[in-house]
There are 2 protein chains.
Amino acid sequence: MSTRIVVADDQDDVRIGFRLILDSQPDMTVVGEAADGRRAVELARHLRPDVLLADIRMPALDGLEVTRLLAAETRVIVVTTFDLDEYVHAALRNGACGFLLKRSGPALLVEAVRAAMAGDTLISPQVTVRLLRHLRAAAPAPPAEPLTERELEIARLVAHGRTNADIAAELTISPGTVKTHVAHIQRKVGAANRVGIAAWAWSSGAVGGPGA
Amino acid sequence: MSTRIVVADDQDDVRIGFRLILDSQPDMTVVGEAADGRRAVELARHLRPDVLLADIRMPALDGLEVTRLLAAETRVIVVTTFDLDEYVHAALRNGACGFLLKRSGPALLVEAVRAAMAGDTLISPQVTVRLLRHLRAAAPAPPAEPLTERELEIARLVAHGRTNADIAAELTISPGTVKTHVAHIQRKVGAANRVGIAAWAWSSGAVGGPGA
DNA sequence: GGCCGCCTCCGCCATACGGGAGAGGACCCT
DNA sequence: AGGGTCCTCTCCCGTATGGCGGAGGCGGCC
């Protein structure tokens, strides 16, 4: 069974190029093309392809909107020429299963389709490097002094907005003890108040991020 | 000029496989192999390859440590069988230029090397999907009521640990006004206190995250 | 003109928080 | 046995915060 693909892009030559690349794969078939966003949605709903490749800049409906509308029913890979941060985030937030730059080359295009089929997400390396800037930026700001296990535990609770009394109850210790821990954490991470602890925890990945 | 590569992995067959794949590329040459981390560092410092492929689980020194030691001088792509979150973050934090699962296949291996050479970062699609979990999870939690511009501005400042007086000074308004805004924000996002606002802001992408 | 949302400001009061200092017990390592 | 780290708890005090209600000015919309 071949992977059925729809290509949506307002430029004829791009669609032709994609079709050429994908059809040359033994297990992939381009079953439809759309030149604007509205048509892309119609086509996807009608043909029910396994994967939709959607350009961002399209008439009628842009690729990000198309992604939002179709994410629940079709795997959408967003393709674009411009690696603007807003695009990447909007695309992934809207449920895209991949983000490709047109200049990434045929091999990655094919791999992105395979990844999407497997339920994974391939992002162009040029884009990934920008996505990770935040993560890298967070790295050089680890606490000068590392937190102990208990402190980390409390820091996480603080970061979720729990009060000292709250935390004390949860850990079955005295509120005073929580205050002591919080004070230590503040000193260690250089926070002026508990919100500073929250900011540190969220930005350094101690919570919320994959680290949680 | 061919891309010079060193492969570090304690399993013979893995090294052989990588060498086979990479040497079959016209523009890539494996110039050395190491079976443990210490040897990998020595080899990299001696041969000065363009790219080092490093397994995580190795004797003497694991791939994450190797990455940390060499990141400044060599492009390191971390390769592993296990897509544990801690691995990914540690690797990228330590300066890796790529993160590959061994089961990702030859095409991605080659692409990862090319990406590293171009200063980009390729991450296995299987891993990316986990990296993005929090980003996706953040989307379905928008505030029931949307914040006004002013409120969003203040929410961001709150999320960074600023006090009301602080914020008032920055925006040249009265501290009382800030309190009013904060109270409104709390009600809208359903936070019991200002740290709850911070948690909302960080997790929903209003600040810090890619959304900022 | 009237309605409404937004931003701005005011006061009062109870509570949570942050700073500082001190201290005992459990555990580990030397 | 002694030193170290970590967790636990206590007291005091000043400030920041959160909850309450009220109010005026401004701009857009009907």
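As the structure is a prediction and not an experimental result, all values here were calculated from the model.
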Please report the distance, rounded to the nearest Å, between [atom1] in [X] and [atom2] in [N].
X: H181(A); N: dT8(D); atom1: NE2; atom2: P; answer: 4 Å
X: L157(B); N: dT17(D); atom1: CG; atom2: P; answer: 13 Å
X: I154(B); N: dT8(C); atom1: CD1; atom2: P; answer: 7 Å
X: K179(B); N: dC7(C); atom1: NZ; atom2: P; answer: 19 Å
X: H184(A); N: dA21(C); atom1: NE2; atom2: P; answer: 12 Å
X: R187(A); N: dA21(C); atom1: CZ; atom2: P; answer: 13 Å
X: N193(A); N: dG18(D); atom1: CG; atom2: C1'; answer: 15 Å
X: L152(A); N: dC6(D); atom1: CG; atom2: C1'; answer: 15 Å

Quick check: do [X] and [Y] have side-chain heavy atoms less than 4.5 Å from each other?
X: I185(B); Y: L147(B); value: yes
X: I5(A); Y: L53(A); value: yes
X: I197(B); Y: W202(B); value: no

**Prompt:** Looking only at side-chain N and O atoms, does Q186(A) come under 4.0 Å of OP1 or OP2 in dG19(C)?
**Reply:** yes

**Prompt:** Do the side-chain N or O atoms of N164(A) get closer than 4.0 angstrom to the phosphate oxygens (OP1, OP2) of dC17(C)?
**Reply:** yes

**Request:** Check every strand shown and say whether T163(A) touches a base, only sugar-phosphate, or nothing at a heavy-atom separation below 4.0 Å.
**Result:** sugar-phosphate

**Request:** Could you check whether G176(A) gets within reach of a base, just the sugar-phosphate, or nothing at all, counting any heavy atom under 4.0 Å?
**Result:** base

Tell me which nucleotide among [options] gets nearest to the side chain of [X].
X: S174(A); options: dG19(C), dG19(D), dT10(D); result: dT10(D)
X: V182(A); options: dG18(C), dC9(C), dT10(D); result: dG18(C)
X: R150(B); options: dT8(D), dG18(C), dT8(C); result: dT8(C)
X: T177(B); options: dG18(C), dT8(C), dG18(D); result: dT8(C)
X: T148(B); options: dC10(C), dC6(C), dG18(D); result: dC6(C)

**Distance-only donor-acceptor check, side chains T121(A) and T128(B), under 3.5 Å** = no

**Asked** With distance as the sole criterion, is a donor-acceptor pair present between the side chains of R194(B) and N164(B) under 3.5 Å?
**Response** yes

**Nearest-nucleotide 5' precedence on DNA chain C, T180(A) against R162(A)** = R162(A)

**Request:** Name the residue closer to the 5' end of DNA chain C, choosing between E149(B) and A183(A) according to the nucleotide with the nearest heavy atom.
**Result:** E149(B)

